[in-house]
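First comes the structure, then the notes that go with it.
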Amino acid sequence: MDSDCIFCQIVAGDIPANVVAETDDAVAFLDANPLTPGHTLVIPREHYHRLNDVPDDVAAEVLGLLHDVVPAVEAAVDAPATTVAFNNGEAAGQEVPHVHGHIVPRSGDDGQRPIHALFDDRPGVGDEEMDEIAAAIQAER
Ligand code: AMP
Ligand code: ZN
């Protein structure tokens with residue numbers, strides 16, 4: 001536990017949260033400042049900064065709980081869809097340094113956009129560079 005971390009404090013029960021589901025290794029609770037009603041966060045109980053830091057078994061547990069909770073969130077707020085996303089690192093907008101997946105209920109008429117709308121332009125990556133990037137990712141795994 002990182003005693004400075006707000007999500008560790010939620011796991012420890014030191015600060016309140018609307019917990020909606022939990023397992024041995026993961027917890028789901030309502031976001032305190034929801035983007036839409038039902039906005040839920042899913043976290044590992046242990047403190048890891050980014051997805052990259054999470055061990056395989058904990059990652060499976062977090063994704064499993066996320067998978068379990070998504071349909072329940074949609075049903076609870078009568079949403080036909082959800083945006084599911086991790087801000088994975090400060091450069092991607094992560095503010096709380098304890099890895100968390102967002103489940104944001106969406107409706108077709110909420111006036112908001114898909115995650116592709118984060119970017120105004122696309123870089124136009126050529127075929128050769130695409131092949132190089134794919135090969136580099138394969139080599140890094
Ligand atoms: P991110 O920008 O991906 O790090 O998102 C952090 C999220 O945590 C934001 O959506 C906040 O509203 C949410 N948050 C911050 N503090 C709390 C808290 N005490 N309980 C529940 N959610 C929180
Ligand atoms: Zn933490």
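Each ligand, and each atom within it, is numbered from 1 in the order the structure gives. Because the structure is predicted, anything quoted here is derived from the model rather than measured.
- Among all non-hydrogen protein atoms, the one lying nearest atom 8 (O) of ligand 1 is Phe7 CZ, 3.5 Å.
- Thr82 places no side-chain N or O within donor-acceptor distance of the main-chain N or O of Ile103, the cut-off being under 3.5 Å.
- Close approach to Asn87 involves these atoms of ligand 1, each under 4.0 Å from a residue heavy atom: 1 (P), 2 (O), 3 (O).
- Counting only non-hydrogen atoms, the option in His39, His98, His100, Gln9 that gets closest to atom 1 (P) of ligand 1 is His100.
- Of the polar atoms of Ile10, none of the N or O atoms is found under 3.5 Å from an N or O of ligand 1, judged by distance alone.
- Under the 3.5 Å distance criterion, the side-chain polar atoms of Glu22 are left unmatched by any main-chain donor or acceptor of Val27.
- No donor-acceptor distance shorter than 3.5 angstrom exists from the side chain of Gln112 to the backbone of Arg106, with no hydrogens or angles considered.
- Looking at His98, its N, O or S atom nearest to the Zn ion (ligand 2) turns out to be ND1.
- Applying the 6.0 Å contact sphere to CG of Asp56 captures no more than 12 heavy atoms from other residues, nucleotides or ligands.
- Which parts of ligand 1 touch Leu30 is read off a 4.0 Å heavy-atom cut-off, strictly below it: atoms 21 (C).
- Between Val104 and His39 there is a side-chain heavy-atom pair separated by less than 4.5 Å.
- For His47, the N, O or S atom with the smallest separation from the Zn ion (ligand 2) is ND1.
- Close contacts of ligand 1 with Ile6, meaning ligand atoms under 4.0 Å from a residue heavy atom, involve 19 (N).
- Residues Asp2 and His98 fail the side-chain proximity criterion, which asks for heavy atoms closer than 4.5 Å.
- Although no hydrogens or angles enter the test, the distance criterion places a donor-acceptor pair under 3.5 Å between the side chain of Gln9 and the main chain of Ser3.
- Remark: aromatic rings of His100 and His102 are close, center separation under 6.0 Å.
- Distances from atom 2 (O) of ligand 1 to the heavy atoms of Pro34, Gly93, Ala17 show the closest one on Gly93.
- Nearest-residue assignment for atom 11 (C) of ligand 1 (options Asn33, Leu35, Asn88, Asp31; heavy-atom criterion): Asp31.
- Around the Zn ion (ligand 2), the angle linking Cys8 (SG) with Cys5 (SG) is 120°, rounded to 10 degrees.
- Closest to atom 21 (C) of ligand 1, if we only count protein heavy atoms, is Ala32 N, 3.2 Å.
- Within ligand 1, counting atoms from 1 as listed, the ones closer than 4.0 Å to a heavy atom of Gln94 are 4 (O).
- Contacts of Phe86 with ligand 1, taken as heavy-atom pairs under 4.0 Å, are absent altogether.
- Closest to atom 4 (O) of ligand 1, if we only count protein heavy atoms, is Glu95 N, 2.7 Å.
- A donor-acceptor pair under 3.5 Å links the side-chain atoms of Asp53 to the main chain of Arg50, judged by distance alone.
- Leu66 pairs in a side-chain contact (heavy atoms from CB on, under 4.5 Å) with only one of the listed residues (Leu41, Val42, Val73, Ile43), which is Val42.
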